[in-house]
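Within every chain, numbering begins at 1; the chains are lettered A, B, ... in the order of the sequence lines, protein sequences first and strands thereafter.
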Amino acid sequence: DIQMTQSPSSLSASVGDRVTITCRASQSISIYLNWYQQKVGKAPKLLIYAASSLQDGVPSRFTGSGSATDFTLTISSLQPEDFATYYCQQSYSAPGTFGQGTKLEIK
Amino acid sequence: EVQLVESGGGLVQPGGSLRLSCAASRFTFSSYWMTWVRQAPGKGLEWVANIKYDGSDKYYVDSVKGRFTISRDNAEKSLYLQMNSLRAEDTAVYYCARACHDYYDTNGYSHWGQGTLVTVSS
């Protein structure tokens, strides 16, 4: 199975900051990498699919990049509603493994 | 608005069985891959199993192979997860999720149910 490793595991930032979360795959997954946001007690929300495609309705401050084994999610200017946990997920091969998550907290 | 509603969760003893259901509406169910994802209390997301839009292909994470069976009924617009030989480590909220685009399973999951809690304990 493909292992997905996110860093950092947690991150403190302020409203208006630019933040970057990284995700590394244990083997090449081309661009089959998705990013989700999850708030406490809620189902995950798809933000980015295919490494860099913005899901409908997601604000443009979210951008994804990368290919092969290294990927990033960037939030250009943090808003109060962005404080949540973020997960990457590979959809290159089953099982579609998730990263361990990055908890984004208010500084 | 796409809707996914899970049911069937509850408290079960170790070694017991449960069948989860996910009722889908407001989209062409028979055109989408469907997936079960679980989340243990306070933990991250774990992909469990998925099934092709026509039911012809199914995949499982190693930890549930031989114990869980995913299935679907396209006429009833429903997804199922039969869980046997349950263990304490299967305790989690189970979500059903729909693929982002029809006929493909490579672009993530754009729609999720609210989840149903399965607790395995004596």
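- Looking at B/Asn107, the atoms closer than 4.5 Å to chain A (heavy atoms on both sides) sit in the backbone and in the side chain alike.
- Looking at A/Gln37 and A/Leu104, their side chains never come closer than 4.5 Å, going by heavy atoms from C-beta outward.
- Each of A/Ala43, A/Gly41, A/Pro44 has some count of heavy-atom pairs under 4.5 Å with chain B, and the biggest count is that of A/Pro44.
- Counted within 6.0 Å of OH on A/Tyr92, heavy atoms from surrounding residues, nucleotides or ligands total 12 or fewer; the atom is thus considered open.
- Interface remark: of the candidates B/Val93, B/Val37, B/Leu45, B/Leu45 forms the most heavy-atom pairs closer than 4.5 Å to chain A.
- For A/Gln100 (side chain) and A/Thr5 (main-chain N/O), no donor-acceptor pair under 3.5 Å exists by modelled atom type.
- Here the CD-CH2 distance, from A/Gln6 to A/Trp35, works out to 5.0 Å after rounding to the nearest 0.5 Å.
- In this structure, OH on A/Tyr49 lies 9.5 Å from OG on B/Ser110, to the nearest 0.5 angstrom.
- Using a 4.5 Å cut-off between heavy atoms, B/Gln39 contacts chain A through its side chain alone, with no backbone atom that close.
- Contact annotation for A/Gln38: only side-chain heavy atoms (C-beta onward) come within less than 4.5 Å of a heavy atom of chain B.
- In terms of heavy atoms, A/Ala94 sits closest to B/Trp47 at CB-CH2, 4.1 Å.
- Of the two parts of B/Tyr109, the backbone and the side chain both hold a non-hydrogen atom closer than 4.5 Å to a non-hydrogen atom of chain A.
- Considering only heavy-atom pairs separated by less than 4.5 Å from chain B, the leading option among A/Ser53, A/Pro95, A/Ala51 is A/Pro95.
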